[in-house]
Amino acid sequence: MLTGRINNLQARVTVEILDSNGQSNPIEVLLDTGFDGQLSLPVFVVRQFNLGRGILRFGELADGTQVQFMSYRATVLWDGQRRQVEVIESGNDPLLGMELLLGSRVTLEVRDGGPVTITPLP
């Protein structure tokens with residue numbers, strides 16, 4: 001189970017990402033139901049965790065704008081298990097997308113400081 005809080009109407013949880021040395025690094029991410037990927041991290045975080053060589057990919061933003069971005073592989077601790085995920089490099093806040101949430105129940109108590117929980121579906 002992952003837990004977090006609502007802050008300024010944003011649902012945030014902490015995800016553990018393993019760097020290139022296998023060290024676990026907690027990072028607070030914003031749940032983004034409009035993001036259909038797994039995880040998006042700012043450039044400096046990708047570099048800090050030394051995620052290796054990226055692959056140039058192309059995609060489309062919500063407004064229809066075509067963009068290119070770098071994609072990396074990373075390992076996260078998800079419900080106590082190591083899980084390989086795709087990380088998209090961005091210049092914005094770290095985002096947790098719907099593909100990573102697939103197979104999970106997300107519960108939000110939408111009030112300032114309200115709890116956020118992500119639990120696996122049976």
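Only heavy atoms go into these numbers, but all of them, side chains included; no hydrogens, no water, no symmetry mates. The model shown is predicted, which means the values in this text are computed figures rather than measured ones.
Judged by distance alone, with hydrogens and angles left aside, the side-chain atoms of Asn50 form no donor-acceptor pair with the main-chain N or O of Ser20 at under 3.5 Å. In this structure, the side chain of Asn21 does not engage the main chain of Gln23 through any donor-acceptor pair within 3.5 Å.
Leu102 and Ile88 sit in two unconnected hydrophobic clusters of ILVMFWY residues. Membership requires side-chain heavy atoms under 4.5 Å apart, directly or through other members. Hydrophobic clustering (ILVMFWY, side-chain heavy atoms < 4.5 Å, transitive): Leu30 and Leu108 are in distinct clusters. No path of Ile, Leu, Val, Met, Phe, Trp and Tyr side chains, each step under 4.5 Å between heavy atoms, connects Ile55 with Val87, placing them in separate hydrophobic clusters. Both Leu31 and Leu9 sit in one connected hydrophobic cluster of ILVMFWY residues. Membership requires side-chain heavy atoms under 4.5 Å apart, directly or through other members. A single hydrophobic cluster is seen to contain both Leu61 and Leu95, as judged by linkage of ILVMFWY side chains at heavy-atom distances under 4.5 Å, directly or through other members.
Atom OH of Tyr72 is separated from atom CZ of Phe49 by 13.5 Å, given to the nearest 0.5 angstrom. Rounding to the nearest 0.5 Å places CD1 of Ile118 at 10.5 Å from CG of Asp79. Within the model, atoms OG1 of Thr14 and CD1 of Ile27 stand 9.5 Å from one another, a figure rounded to the nearest 0.5 Å. Between the CG atom in Leu41 and the CE atom in Met70 there is a gap of 14.0 Å [rounded to 0.5 Å]. Annotation: the span from Leu39 atom CG to Ile17 atom CD1 amounts to 5.0 Å, rounded to 0.5 Å. Atom CH2 of Trp78 and atom CD of Gln38 lie 9.5 Å apart (nearest 0.5 Å).
A 6.0 Å sphere centred on CD of Gln84 holds more than 12 heavy atoms belonging to other residues, nucleotides or ligands. Arg82 CZ: 12 or fewer foreign heavy atoms inside a 6.0 Å radius.
Considering only heavy atoms from C-beta on, Val29 comes within 4.5 Å of Val13 through its side chain. Between Pro120 and Ser104, every side-chain heavy-atom pair lies at or beyond the 4.5 Å cut-off. Residues Glu89 and Phe69 have side chains not in contact (no heavy-atom distance under 4.5 Å, counting atoms from C-beta outward). Residues Val106 and Leu101 meet the side-chain proximity criterion, which asks for heavy atoms closer than 4.5 Å. By the 4.5 Å heavy-atom criterion applied to side chains, Ser40 and Phe35 are counted as neighbours.
The stretch residues 57-66 participates, sequence neighbours left out, in these side-chain hydrogen bond (donor to acceptor under 3.5 Å, both in side chains) pairs: Arg57-Glu86, Glu60-Gln66, Asp63-Thr65. Residues in residues 105-119 take part in these salt bridge (charged side-chain N to carboxylate O under 4.0 Å, His left out) pairs, two or more places apart or across chains: Glu109-Arg111. The salt bridge (charged side-chain N to carboxylate O under 4.0 Å, His left out) pairs that include a residue from residues 25-37 are Arg12-Glu28, where partners are two or more places apart or lie in different chains.
Closest non-hydrogen pair, Leu51 versus Ala74, comes out as CD2-CB, 3.9 Å.
Pro42 is linked by a side-chain contact (heavy atoms from CB on, under 4.5 Å) to Phe44, Val45, Pro94, counting only residues two or more places apart in sequence or in another chain. Partners of Ser24 under the side-chain contact (heavy atoms from CB on, under 4.5 Å) rule, at least two apart in sequence or in another chain, are Glu16, Leu18, Leu77. When the side chain to side chain donor-acceptor pair (under 3.5 Å) test is applied to Asn7, no partner is found at least two apart in sequence or on another chain.
Using modelled atom types, one finds no donor on one side chain facing an acceptor on the other under 3.5 Å when comparing Thr3 with Thr117.
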Derivation and outcome, side-chain contact (heavy atoms from CB on, under 4.5 Å), residues Leu96 and Val15: CA-CA 9 Å; Leu96 190 154; Val15 174; 3.8 Å; yes
